[in-house]
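Step one of this worksheet: look at the structure below.
Below, chain A is the first sequence line, B the second, and so on; all start at residue 1.
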Amino acid sequence: MAYSKKVLEHYENPQNVGTLDSKKNEVGTGLVGAPECGDVMRLQIEVDPATQKIVDAKFKTFGCGSAIASSSVATEWLKGKTIDEALTIDNMDIVEELALPPVKIHCSVLAEDAIKAAIQDYRKKNNMPELQLEEKIVH
Amino acid sequence: MLKLPIYLDNSATTPADPRVVDTMVPYFYEHFGNAASRSHPFGWEAEDAVDQARERIGKLIGATDKEIIITSGATEADNLAIKGVYDMYSRKGNHIVTVTTEHKAVLDTCKHLEKQGAQITYLKTDAEGNIDLNELESVVTDKTIMVAVMYANNEIGTIAPIRQIADIAHKKGALMFSDATQAAGKISIDVDRDGIDLMAFTAHKMYGPKGVGALYVRRKNPRVKVTAQMDGGGHERGMRSGTLNVPGIVGFGKAAELAMMEMEIDAARLSVMRDRLENELCKIEESYVNGNRRSRLPHITNISFKYVEGEGLMMAFNQNIAVSSGSACTSASLEPSYVLKALGLGDDLAHSSIRFSLGRFTTDEQIQYTIDHVTKAVNKLRDMSPLWEMFKQGIDLNSIEWAEH
């Protein structure tokens with residue numbers, strides 16, 4: 001399978017690989033996927049409580065190149081957004097950005113799920129009402 | 001100077017040996033005749049060439065030329081063997097025994113026959129890919145027409161004890177069929193010594209051309225017959241119609257002759273390189289060899305690098321090193337290798353597996369490059385892997401409730 005240039009770029013130089021301290025109240029962690037399915041994505045955000053802006057984002061991903069690239073793009077896009085704005089990131093935006101083929105769309109879905117899970121975790125920790133999320137998992 | 005990319009996917013296909021190609025070329029130009037044209041020199045030349053090639057192909061496996069039915073490849077030979085025997089031996093029974101780790105060309109053919117009323121028993125294997133001979137003995141009955149077990153597995157290289165399997169089949173009057181696609185030309189095969197009645201193999205895994213293979217069909221003790229699955233001009237003793245691929249067959253013959261002469265030297269050289277590759281890669285923490293390391297093809301190793309995903313790993317070096325992975329992501333199905341799953345490997349290990357298959361043209365320098373770059377890639381991917389981080393923190397991955405999707 002040939003990869004798009006964008007996927008290769010992110011794979012070669014993934015942005016924001018790393019770990020934030022999940023014990024901190026300002027940090028939200030989303031862990032999605034399963035080892036049995038061949039992809040696990042952990043995405044973390046650090047939020048400024050005063051502005052609700054995401055000041056840092058990190059990921060670690062077990063998966064194919066497209067999953068790694070999707071995580072990398074997601075963390076790039078998260079930084080600087082408020083947690084409400086971050087919810088508007090749609091998996092199809094990632095598909096477009098990385099020119100993912102149809103068999104790799106689930107990688108983008110996983111990234112969107114990871115974003116939502118991280119925000120949900122942050123909201124829970126900070127006693128904010130839980131979001132009602134629609135199931136988007138397609139695989 | 002090391003030339004990139006390096007080819008370590010010889011179980012998928014091998015490059016044609018230049019000596020093979022040289023023998024083929026005249027059969028595209030001056031000797032282009034149809035081997036079935038009996039009325040002029042063009043046909044006679046082609047027929048002579050086919051006869052000579054058939055003899056060489058037979059010799060490789062201890063068979064006579066009359067027992068070699070030329071096909072388009074091993075998949076067709078598998079189909080012809082299984083469907084052909086099912087049709088021909090319907091009076092004896094409708095039961096076929098095979099194994100869950102067989103190639104799809106065998107499994108899907110069996111599934112096809114199941115729809116037509118065949119009874120198929122799929123034997124399971126142990127973690128190394130071996131079947132239980134006692135279990136085999138207990139499932140073969142008087143209604144069993146065929147036991148179909150591959151000579152050596154394409155993903156892990158495990159070699160089956162074909163003679164013992166054949167003896168069990170023969171006790172109940174069943175035929176022994178073996179798909180020897182990976183083994184033929186790589187290790188010694190003798191259909192009499194091994195008790196094989198039908199055997200499928202192909203040219204392009206032994207440095208011959210693609211698009212030509214063969215089905216061995218025993219002529220004596222017993223005389224085996226298969227019902228043709230392709231009707232037409234009655235070529236190949238009526239078992240497989242279709243104008244013969246003369247250049248391909250000539251190339252197959254040459255490839256078989258070379259394999260016979262060089263098999264031992266190749267195997268000795270390749271197993272040394274394979275072992276070095278395997279031992280060095282196993283120095284990486286949490287890496288495991290899949291399959292049976294004692295009875296195995298000399299040129300294959302299949303290794304799982306835990307906590308990294310196979311396709312993601314391959315991407316780090318697949319511009320420069322060609323291998324294949326049991327990871328789901330290499331196929332459209334999203335299912336990891338059914339062979340590795342059949343061995344009882346967890347999906348996580350199956351997703352993390354890479355098959356390296358060496359060949360006649362593999363060099364020490366290429367192996368060293370591969371060791372260096374695969375090691376580097378595993379480390380890079382593990383730095384990115386949340387599972388590796390958890391493993392290092394001592395978190396039991398089974399204790400986590402994964403969102404199955």
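- Contact annotation for A:P14: only side-chain heavy atoms (C-beta onward) come within less than 4.5 Å of a heavy atom of chain B.
- Using a 4.5 Å cut-off between heavy atoms, B:L397 does not touch chain A at all.
- Within the cation-pi definition used here (under 6.0 Å to the ring centroid, within 45° of the axis), B:K306 does not qualify as a partner of A:F62.
- Within a 6.0 Å radius of NZ in B:K111, more than 12 heavy atoms belonging to other residues, nucleotides or ligands are found.
- Taken to the nearest 0.5 Å, the OH atom of A:Y3 stands 9.5 Å off from the CD atom of B:Q319.
- In this structure, the separation between SG on A:C64 and NE2 on B:H351 is 10.5 Å, given to the nearest 0.5 Å.
- Between A:Y11 and B:L313, the shortest heavy-atom distance links the atoms OH-O, 4.0 Å.
- Residues A:L31 and B:W402 form a side-chain contact, since some pair of their non-hydrogen atoms from C-beta on lies under 4.5 Å apart.
- When heavy atoms are compared at a cutoff of 4.5 Å, A:V17 approaches chain B solely by way of its side chain, counted from C-beta outward.
- No more than 12 heavy atoms of other residues, nucleotides or ligands shown are found within 6.0 angstrom of NZ on A:K53.
- Residue A:E96 qualifies as open at atom CD: its count of foreign heavy atoms under 6.0 Å is 12 or below.
- Residue with the most contacts toward chain A among B:K380, B:R382, B:M384: B:M384 (heavy-atom pairs, distance under 4.5 Å).
- When side chains are defined from C-beta on, A:L8 counts as touching B:M315, because their heavy atoms get closer than 4.5 Å.
- Rounding to the nearest 0.5 Å places CZ of A:R42 at 6.5 Å from CE of B:M390.
- The NZ atom of B:K341 sits 9.5 Å away from atom CD of A:E36, with the distance rounded to the nearest 0.5 Å.
- Between B:L387 atom CG and A:K60 atom NZ the span is 10.5 Å, to the nearest 0.5 Å.
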